[in-house]
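Below: one structure, written as structure tokens.
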Protein chains: 2
Amino acid sequence: MTVTIKDVAKLANVAPSTVSRVIANNPRISEKTKHRVREAMEHLGYHPNFNARSLANRSTQAIGLVMPGSADKAFQNPFFPEVIRGISTIVHEKEYALFMSTGQTEDEIHDGVVRMVQGGRVDGIILLYSSVDDKVMNYLIEKKFPFTVIGKPFKNEDAITHIDNDNFKAAREMTDYLISLGHDKIGFVGGSSHLVVTIDRLLGYEKSLRIHHIPYRDEYIIHEEFLKEGGQEAIRKLMALEEPPTALLVMDDLMAFGVLSTLSEMNISVPYDISVLSFNNVMLADFSTPALTSVDINIFQLGYEAADCLMDLIAKPDLTPRRIAVPYKLVERQSCMALSAPKEKTI
Amino acid sequence: MTVTIKDVAKLANVAPSTVSRVIANNPRISEKTKHRVREAMEHLGYHPNFNARSLANRSTQAIGLVMPGSADKAFQNPFFPEVIRGISTIVHEKEYALFMSTGQTEDEIHDGVVRMVQGGRVDGIILLYSSVDDKVMNYLIEKKFPFTVIGKPFKNEDAITHIDNDNFKAAREMTDYLISLGHDKIGFVGGSSHLVVTIDRLLGYEKSLRIHHIPYRDEYIIHEEFLKEGGQEAIRKLMALEEPPTALLVMDDLMAFGVLSTLSEMNISVPYDISVLSFNNVMLADFSTPALTSVDINIFQLGYEAADCLMDLIAKPDLTPRRIAVPYKLVERQSCMALSAPKEKTI
DNA sequence: TTGTACGCGTTATCAA
DNA sequence: TTGATAACGCGTACAA
């Protein structure tokens with residue numbers, strides 16, 4: 001039914017192997033026959049069968065994407081679409097395809113990855129997150145399968161090609177920034193503490209406090225998923241403290257939206273009563289009220305570089321591991337202000 | 001290197017074909033040997049090679065996803081993540097994998113799909129959008145390749161299994177709703193007019209106006225992508241009309257965020273000066289100020305059903321085409337109010 | 001109930 | 001520069 005290399009060969013009066021060479025653009029085929037073969041391909045509407053090719057080749061032209069936890073929640077966050085956008089750019093350039101494994105629990109995801117890898121569906125993998133002692137990462141390392149990760153590996157940092165921002169430094173600087181605005185009661189609102197990014201940023205936050213001789217208080221630290229109600233509670237508790245924070249360092253714009261909304265319900269005004277600074281600088285950050293002051297971490301580039309490195313890795317599997325630090329930049333909008341400023345509201 | 005069916009056969013002291021049958025859970029293999037073979041598989045860490053299987057089988061265990069325009073912009077919209085979430089659920093259940101083609105322009109996307117299909121990478125395809133005279137859809141029809149579409153096909157409606165909301169009815173009802181609130185100057189803010197959903201809703205909007213003897217005005221209709229500046233202009237013009245609308249029917253929450261933001265910059269208050277009603281009921285709709293009154297179109301279910309139908313279609317290619325209408329529901333929040341209400345602001 | 005042999009569409013090796 | 005031929009790993013008639 002489907003037109004194969006043999007049909008082309010017959011029509012062009014050559015051997016199948018010749019057709020194969022034409023496809024690979026083998027230099028030792030005369031331009032003349034190349035032409036003839038290509039015409040035959042065109043004429044018949046030939047398209048190579050990737051499975052057959054992979055089988056003979058041990059190379060699919062595809063890479064796999066692994067998302068954290070349930071792709072569910074992950075996908076709700078604009079971070080992932082954006083990072084995939086960066087990845088697609090490279091992937092498309094190289095004529096690769098994208099494969100996504102699906103799975104809700106950690107185990108399901110692991111199984112999905114195993115099937116992808118052992119099943120020969122992909123040539124390499126990008127981990128879209130980095131968590132402490134990650135099963136998938138361990139598997140990939142053990143298998144010596146080409147992969148890159150977005151975020152810093154918890155261990156084996158030097159042995160794994162990874163792309164991230166310098167989250168420690170970023171969090172430190174942002175805390176510095178809030179302090180420079182006069183704040184010394186600064187809350188930290190993070191996501192799962194299994195995520196290395198959370199850990200790194202918490203460390204940076206601590207460091208800044210220490211340098212400025214500001215005491216670190218446990219009650220200022222929140223770890224909540226925040227996509228749902230849980231987070232609201234946490235914020236309420238935080239603001240009910242005897243000395244509530246006057247500034248919040250939030251790990252993610254999506255969380256920040258939740259925070260903003262809760263705060264607004266509590267009639268606490270941002271930025272007049274409390275400043276909010278978050279990470280990611282998602283497109284929507286511009287549209288919230290007040291517009292979010294957020295750290296642009298160049299999500300697109302994170303994806304782009306991750307894919308780029310992976311391509312290199314696939315080509316040369318024993319390339320020495322690299323670490324690429326993507327720059328970040330604070331985008332000041334309306335959700336932060338100096339503590340000392342007069343507390344007058346404009347309308 | 002990799003462990004194959006033969007290795008398993010050897011270890012279990014059976015023929016490769018027997019192993020193959022065990023994998024397929026062929027009933028005419030004795031439980032005893034099944035057990036033995038399974039132990040061997042376990043022991044060796046065997047995983048079937050999908051490419052080989054596909055070749056012999058002409059069935060990949062994968063389906064392809066096609067996004068509109070540049071996956072870029074598409075992906076910015078929470079609609080797609082959510083719809084994919086619905087798809088993943090089924091896909092995972094059936095142990096399928098997800099394939100995404102990448103491409104920026106319409107032609108690139110088309111090529112990607114052709115490669116997916118002819119290359120034998122997928123067993124079926126879900127179109128995540130429906131546009132007028134779509135190249136990809138035409139191709140799929142011509143090839144008689146199994147596919148379902150989310151949205152209503154522009155033509156051949158009866159011949160294509162598709163899942164959508166009744167967008168005509170929905171838009172009519174929502175317009176009715178705004179009219180019932182006392183509005184008779186209602187703007188329509190839509191996306192690309194190549195999208196069938198836009199067309200259907202515009203028709204529904206018109207219908208409602210006609211029934212209520214409200215004149216249809218061209219100057220009340222906007223078609224803008226809205227993710228960027230373009231939309232701002234359009235809204236400014238709209239509000240600068242001699243008789244600016246007192247209510248806006250917006251096709252998408254993301255656009256609505258943009259509208260809200262522009263309106264706020266213009267010091268036009270929602271809902272006191274103008275009501276805004278939008279579609280999709282994205283998670284973030286709850287967090288905007290004011291919280292968006294939005295139509296919940298059950299995005300998740302759209303994806304879920306589309307995948308479900310596709311699975312049926314793959315199993316029985318000449319199943320008669322179906323149309324599944326997913327219910328929708330208005331979620332009233334703070335962005336709409338009755339026109340006759342006193343125009344007093346609560347702080 | 002199980003084994004043999006061939007085909008799926010390519011690529012790669014070796015000759016010519 | 002090109003052609004045969006043997007893999008690649010699996011499914012499946014057909015035979016036993």
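In what follows, chains are A, B, ... by sequence order, proteins preceding strands, each numbered from 1.
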**Asked** Restricting to pairs with a member in residues 6-49 of chain A, which pass ring pair (Phe, Tyr, Trp, His ring centres under 6.0 Å), not counting sequence neighbours?
**Response**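 Residue pairs with at least one partner in residues 6-49 of chain A: there are none.
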
Mind calculating the distance between [atom1] ([X]) and [atom2] ([N]) to the nearest angstrom?
X	N	atom1	atom2	result
A/F50	D/dC8	CZ	C1'	17 Å
B/K32	C/dT1	NZ	P	13 Å
A/K6	D/dG3	NZ	P	15 Å
A/N13	D/dG3	CG	P	9 Å
A/N51	D/dG9	CG	P	14 Å
A/Q118	D/dC8	CD	P	18 Å
B/R28	D/dA16	CZ	C1'	13 Å
A/K10	D/dA4	NZ	C1'	16 Å

**Asked** Looking at A/D312, A/L313, A/L319, which hits side-chain contact (heavy atoms from CB on, under 4.5 Å) with A/K316?
**Response**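 Among A/D312, A/L313, A/L319, the one meeting side-chain contact (heavy atoms from CB on, under 4.5 Å) with A/K316 is A/L319.
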
**Message:** Does anything in residues 15-26 of chain A come within less than 4.0 Å of DNA chain D? Heavy atoms only, and list the residues if so.
**Reply:**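 Under 4.0 Å from DNA chain D: A/A15, A/S17, A/T18, A/R21.
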
**Message:** Under a 3.5 Å distance rule, please check whether B/N298 uses its side chain to pair with a backbone N or O of B/Q301 as donor and acceptor.
**Reply:**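 A pair under 3.5 Å: no.
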
**Message:** Test your reading of the model: is there a side-chain donor-acceptor pair from A/N165 to the backbone of A/V326, 3.5 Å cut-off?
**Reply:**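 Flag set: sc A/N165 to bb A/V326 pair under 3.5 Å.
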
**Asked** Can you check whether A/N57 has a side-chain N or O nearer than 4.0 Å to OP1 or OP2 of C/dA12?
**Response**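 Yes.
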
**Message:** Quick check on C/dT2: is either OP1 or OP2 less than 4.0 Å from any side-chain nitrogen or oxygen of B/S30?
**Reply:**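 For C/dT2, OP1/OP2 do have a side-chain N/O of B/S30 under 4.0 Å.
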
**Asked** Is any side-chain N of the basic residue among B/R323 and B/D158 closer than 4.0 Å to the acidic one's carboxylate O?
**Response**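 Answer for the salt bridge query: no.
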
**Message:** Nearest 0.5 angstrom please: A/T18 OG1 to A/N26 CG, how far?
**Reply:**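 Rounded to the nearest 0.5 Å, the OG1-CG separation comes to 9.5 Å.
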
Identify every side-chain donor-acceptor pair in residues 109-128 of chain A under 3.5 Å, counting partners at least two apart or on other chains, and give the distances.
| from | atom 1 | to | atom 2 | distance (Å) |
| --- | --- | --- | --- | --- |
| A/R115 | NH1 | B/E95 | OE2 | 3.1 |
| A/Q118 | NE2 | A/Y139 | OH | 3.1 |
| A/R121 | NH2 | B/Q61 | O | 3.2 |
| A/D123 | OD1 | A/T60 | N | 2.8 |
| A/D123 | OD1 | A/T60 | OG1 | 2.9 |
| A/D123 | OD2 | A/T60 | N | 3.4 |

**Request:** Select one nucleotide: of C/dG3, D/dG9, C/dT10, the one nearest the side-chain heavy atoms of A/Y46.
**Result:**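 So the nucleotide nearest the side chain must be C/dT10.
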
**Message:** On DNA chain C, does the nearest nucleotide to A/N49 precede the nearest nucleotide to B/T33 from the 5' side, or the other way round? Give the residue.
**Reply:**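 The residue closer to the strand's 5' end, by nearest nucleotide, is B/T33.
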
